Amino acid sequence: MSHLLRRAGLVVVVVAAAAGLSLTAPRADAVAPETVVREVAAPRSAALDLAEQVRERQQTLATLNRQADARDRALLGRQAVLATYGYVGDPDAARVVLPLASYGLSAGFGLTGPLWEAEHGGQDFSASAGEPLVAVAAGEVTDVAYAGPYGLRTILTLPDGTEVWYCHQTDVSVQVGQLVDVAEAIGTVGSTGNSTGPHLHLEVRPDGADPVDPLEWLVEAGLTP
């Protein structure tokens, strides 16, 4: 009988080993293997992507509309300013304006008489003292100084070399080397130098040479002094 039991036990051991089973009882403190759970992000739907693109485009369009409105308001304001100085048209196309908003034409170009040592080299615009003077065109301020009979004078040099002289000023709001835009304030009307009353003596000198008639120069630019 013992021989049969030993053979039966041997068979159990062999079967268990063949099946990869352990005959050792599990420990009471054994820890079960940890289960790792991985989350897989769900792909974004095409509808969500499209909605985000639409929202971004709407924001961009709103910004562009605000910028366009601001530019339109600025152009309307600039158009009104330019009209004050004799220019009516597209504000972006403005190249030349009148030097004053309110004035009367007095002594003209080429006159002779006791008031001048030689022929009158410019056009006089009578106006109240302190009346603002503006740049007739965009250019660079190349001189600001007292100039004998011209009084306090500002010279504005245009890109083509033309010099525009503003004479008899009370004061000046620009300085040498400053770039000014068309219709930008440069000073005020006065009566300094050889003057019988407040007025602007305006001279236009192509290439800084001999003066030409300022009224003809303004008319050729499309203005009506």
Side-chain angles (χ1 to χ4, degrees), residues 74-111 116 119-144 147 150-175 178-225:
L75 285 177
L76 288 174
R78 180 170 173 76
Q79 190 172 37
V81 170
L82 293 172
T84 300
Y85 294 101
Y87 177 84
V88 179
D90 181 1
D92 287 336
R95 296 294 179 267
V96 179
V97 297
L98 299 173
L100 288 152
S102 178
Y103 62 88
L105 296 176
S106 49
F109 177 77
L111 293 179
W116 307 287
E119 289 186 354
H120 191 226
Q123 173 65 50
D124 287 351
F125 296 78
S126 60
S128 300
E131 182 76 17
L133 298 171
V134 300
V136 295
E140 180 181 356
V141 177
T142 52
D143 188 54
V144 176
Y150 292 107
L152 180 56
R153 178 186 66 182
T154 296
I155 297 179
L156 177 65
T157 301
L158 310 187
D160 66 358
T162 298
E163 291 184 357
V164 181
W165 292 13
Y166 296 78
C167 306
H168 307 307
Q169 293 177 252
T170 293
D171 56 40
V172 177
S173 56
V174 292
Q175 58 187 356
Q178 182 175 339
L179 299 178
V180 296
D181 195 7
V182 59
E184 185 173 342
I186 62 171
T188 60
V189 170
S191 188
T192 56
N194 184 11
S195 172
T196 59
H199 71 285
L200 167 66
H201 173 83
L202 185 74
E203 291 194 11
V204 176
R205 295 173 173 257
D207 295 321
D210 294 335
V212 298
D213 188 341
L215 289 188
E216 291 183 0
W217 185 81
L218 291 169
V219 169
E220 288 177 0
L223 301 174
T224 304

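The structure presented is a predicted model; accordingly, all values stated were derived computationally and were not measured.
- Of all non-hydrogen atoms in Pro214 and Glu203, the two that sit nearest each other are CG-CA, 4.4 Å.
- With sequence neighbours excluded, the residues forming a ring pair (Phe, Tyr, Trp, His ring centres under 6.0 Å) with Trp165 are Tyr150, listed by chain and number.
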* For side chain to side chain contact (heavy atoms under 4.5 Å, CB included), just list the numbers for Val189 and Leu100, CA-CA rounded to whole Å, side-chain angles, deciding distance to a tenth of an Å, and then say yes or no. => CA-CA 9 Å; Val189 170; Leu100 288 152; 3.6 Å; yes
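- When all heavy atoms of Arg78 and Val182 are compared, the pair lying nearest together is NH2-CG1, 3.3 Å.
- Of the possible polar contacts, none joining the Thr157 side chain to the Glu163 backbone as a donor-acceptor pair under 3.5 Å is found.
- Atom CD of Gln169 sits about 7.5 Å away from atom OG1 of Thr192, to the nearest 0.5 Å.
- Asp171 pairs by the salt bridge (charged side-chain N to carboxylate O under 4.0 Å, His left out) definition with nothing, not counting sequence neighbours.
- Formation of a donor-acceptor pair under 3.5 Å by the Glu131 side chain with backbone atoms of Ser128 is not found in this model.
- How far CG of Leu105 is from CG of Asp124: 9.5 Å, rounded to the nearest 0.5 Å.
- Across all their heavy atoms, Ala137 and Val96 have their closest contact at CB-CG2, 4.5 Å.
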* Check the pair Ile186, Tyr166 against side chain to side chain contact (heavy atoms under 4.5 Å, CB included), reporting the backbone distance first and the verdict last. => CA-CA 9 Å; Ile186 62 171; Tyr166 296 78; 3.5 Å; yes
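- Closest approach of Gly121 and Pro211 over heavy atoms only: O-CB, 3.3 Å.
- Residues Ala138 and Pro159 come closest through the heavy atom pair O-CD, 3.4 Å.
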* To do: Apply the test side chain to side chain contact (heavy atoms under 4.5 Å, CB included) to residues Phe125 and Leu98: give CA-CA distance (whole Å), side-chain angles for both, the deciding distance (0.1 Å), then the verdict.
  => CA-CA 10 Å; Phe125 296 78; Leu98 299 173; 5.6 Å; no
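- The shortest non-hydrogen separation linking Asp143 to Arg153 is OD2-NH2, 3.4 Å.
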